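To start, the structure itself, in C-alpha cells.
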Protein chains: 2
Amino acid sequence: MPQRGRPRGFDADEALERAVEVFWRQGYEGASVSDLTAAMGINKPSLYAAYGGKEELFRKAVARYAEKDMAYARNAFAQPTAYEVVATLLRENVVAVTRTDRPAGCLSIQGGTACSSDNAPVAGFLAASRLAGEGALADRFARAVAEGDLPAHADPVALARFVMIVSEGQAVHAAAGVSREDLRQAAEIALAGFAAASGARLPEQATQTV
Amino acid sequence: MPQRGRPRGFDADEALERAVEVFWRQGYEGASVSDLTAAMGINKPSLYAAYGGKEELFRKAVARYAEKDMAYARNAFAQPTAYEVVATLLRENVVAVTRTDRPAGCLSIQGGTACSSDNAPVAGFLAASRLAGEGALADRFARAVAEGDLPAHADPVALARFVMIVSEGQAVHAAAGVSREDLRQAAEIALAGFAAASGARLPEQATQTV
DNA sequence: CTATTTATGTACCGAGCGGTACTGATCCGA
DNA sequence: TCGGATCAGTACCGCTCGGTACATAAATAG
C-alpha cells in the first residue's frame with residue numbers, strides 16, 4: 001500500500017533510539033517531553049502522532065532496548081551448559097552496562113525503580129519485565145537439570161534469582177561510575193558462587209579465585 | 001537557653017521520619033513537596049523553615065535513614081570474622097529491604113539512580129554514599145587479611161564490591177515485590193560465592209547448597 | 001501591658017509539566 | 001489541477017512544580 005499524505009520528515013526508528021538514551025540517562029520521570037523532543041529532533045505534536053504519548057514512547061523504548069541492547073542475553077541462553085549460560089550472561093552484562101557509547105547502567109533500572117503514584121504503572125511494568133527475564137532463566141536452568149547438566153537437587157528458580165540479583169547490582173554499580181574491569185572481578189566471584197551453590201558441571205578445571 | 005518566639009507545632013524528628021518514607025517509596029523526583037508536607041502533617045513554609053528546602057530535606061532524610069535503618073550494617077561490621085560480617089550483612093539486608101512496616105527496597109536506590117540533569121547532584125550524592133559504605137567494607141576485609149582471617153591473596157576491594165552489588169540487587173528485587181524468603185535463598189548463594197572466592201575461614205562445617 | 005521573636009496558614013509567584021488546537025506545508029490519487 | 005490525507009510548527013491549554021510574601025498567632029523579655 002503506497003503512502004497517503006505528507007511523508008514523515010524523520011526516521012521514527014532512529015528517533016526512538018534517541019529516546020532510549022534519554023530515558024536511560026534520566027529515568028522516566030526525569031525525562032521531560034521537551035528533553036525527549038530535543039534529543040529526537042522533532043516537535044511535540046510529532047511525538048504524540050508517531051508514538052502516542054510519553055508513556056507509550058517509554059514502553060516502545062523499553063521494547064527496543066530489550067531487542068537491541070539485551071541481545072546478549074538471548075545469546076547467553078543458547079549456551080550449551082548452565083555454567084556457560086551464567087558466565088556469558090554475567091560477563092556480557094558487565095560489558096553492556098559499561099559501554100562508552102551508551103549511558104551507564106541498564107534502562108530497566110535507570111528507567112525508574114520508584115516513582116510518584118501517578119507513574120506507578122511504569123515502575124510496575126519495568127519490574128515485571130525484569131522478573132519475566134528471571135523466569136526465562138529459571139526455565140533454562142530447569143532444562144539443565146533435566147539434561148543432567150545441573151544436579152537434581154539444584155533449585156532453578158533460586159539460582160535464576162541469584163543471577164538476576166547480581167546483574168541488577170552490577171547495573172546499579174555501573175550507573176554509579178564503577179569501571180568495567182572492577183565489575184568484571186565481581187562477576188567472576190558471582191560465577192564462583194553459582195558454581196559452588198548449584199553444583200554445576202564446570203567447563204574446565206576449577207572455580208576461579210580473586 | 002530558653003526558647004524565644006512561638007514554639008514549633010510539630011515534632012521535627014517525627015516529621016522527618018515521614019519524609020523518609022515518602023522519598024523511599026516515590027524517589028526524590030517522584031516525591032513532590034505537596035506529597036511530603038501532606039505526609040509530614042505540616043505546611044510548605046514550615047518545611048522550608050525547618051529543613052531548608054526539598055533537597056536539604058532529602059539529604060537529612062538520607063542521613064536519618066543511614067543512622068536508623070542501616071544500623072544493622074554497623075552491627076555486621078563488628079562481627080569477629082569476615083565470613084560472619086558478610087553473612088550478617090547479607091541476611092540482615094534481606095530483612096531490611098522487606099520490612100512490612102517500611103517501603104520495600106532501600107532508600108539509597110529508590111531515592112534515584114537516574115534523574116533529570118537539574119537533579120544530578122542528588123543521584124551523585126546517593127551513589128557516593130553507597131560507594132562510601134563499600135569502602136568501609138573493604139577496610140574491614142583488609143583488617144581480616146591482616147588478622148589472617150582472610151588469606152593473603154584475597155582482594156578486599158573486589159570482595160567488598162561483590163557484597164555491595166548483591167545487596168543492591170536484593171534491594172532492587174525487593175522493590176519489585178520479591179518475598180523475604182526468596183531473597184534469603186539468594187543471600188545464601190551469594191554467601192557461598194563469597195566463601196569460595198575469598199577462601200575465608202568458615203564458622204562451622206561446609207558451604208550451603210540450594 | 002508592649003516589643004520582639006519565631007511559627008503558622010493562606011494565597012500567591014514564575015516556570016515547566018504533559019498534552020493539544022490550529023494553521024500551513026507536502027505528499028498521493030483522481 | 002485539485003481534493004483528501006498526513007505531517008510540521010507555533011502557540012497555547014490547564015495543571016502542578018518548587019519556593020515565597022505576608023498577615024496572624026503564640027511564645028518570651030522587659
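Bear in mind that the values here come from a model prediction, so they are computed numbers and not experimental data.
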So does Arg6(B) reach the base of dA25(D) with its side chain, donor to acceptor, closer than 3.5 Å?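 Checked by distance alone, the answer is yes.
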
Is it the case that dA27(D) (base atoms only) and Arg4(B) (side chain only) share a donor and an acceptor within less than 3.5 Å, ignoring hydrogens and angles?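 Per atom types, no contact qualifies.
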
Verify, without hydrogens or angle tests, whether [X] (side chain) and [Y] (backbone) share a donor-acceptor contact under 3.5 angstrom.
X	Y	value
Tyr28(B)	Ala123(B)	no
Lys54(A)	Ala31(A)	yes
Trp24(B)	Gly105(B)	yes
Arg74(B)	Glu67(B)	yes
Arg18(A)	Ala39(A)	no
Asp149(B)	Thr81(B)	no

Measure from [atom1] on [X] to [atom2] on [N] and round the result to the nearest Å.
X	N	atom1	atom2	result
Arg8(A)	dC27(C)	CZ	P	15 Å
Lys44(B)	dA7(C)	NZ	C1'	18 Å
Phe10(A)	dA8(D)	CZ	C1'	10 Å
Asn43(B)	dG19(D)	CG	C1'	14 Å

Identify whether the distance between the nearest side-chain nitrogen and carboxylate oxygen of [X] and [Y] falls below 4.0 Å.
X	Y	value
Asp13(B)	Arg64(B)	yes
Lys60(B)	Glu56(B)	no
Glu84(B)	Arg140(B)	no

Residues from residues 11-31 of chain A lying under 4.0 Å of DNA chain C - heavy atoms: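 When residues 11-31 of chain A is checked for heavy atoms under 4.0 Å from DNA chain C, the hits, listed by number, are Ala31(A).
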
Return the residues of residues 46-61 of chain B meeting this criterion: a heavy atom under 4.0 Å from some atom of DNA chain C. Order them by number, or give none.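 Result for residues 46-61 of chain B: Ser46(B), sorted by number.
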
Upstream residue (5' side of DNA chain D) when Val33(B) and Gly5(B) are each assigned their closest nucleotide: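 The residue whose closest nucleotide sits nearer the 5' end is Val33(B).
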
I want to know whether Phe141(A) and Phe194(A) have ring centres closer than 6.0 Å.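 Ring centres of Phe194(A) and Phe141(A) closer than 6.0 Å.
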
When you measure from every atom of DNA chain D, which of residues 34-41 of chain A have a heavy atom less than 4.0 Å away?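 Heavy-atom contacts with DNA chain D come from no residue of residues 34-41 of chain A; none.
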
Strictly by modelled atom types, are Ser116(A) and Gln26(B) linked by a side-chain donor-acceptor pair under 3.5 Å?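 Result is no, nothing qualifies.
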
Is there a side-chain polar atom (N or O) of Ser32(B) under 4.0 Å from OP1 or OP2 of dT16(D)?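 False: Ser32(B) side-chain N/O out of range (4.0 Å or more) of dT16(D) OP1/OP2.
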
Base, sugar-phosphate or nothing for Pro45(A)? Non-hydrogen atoms, less than 4.0 Å.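 Pro45(A): base contact, heavy atoms under 4.0 Å.
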
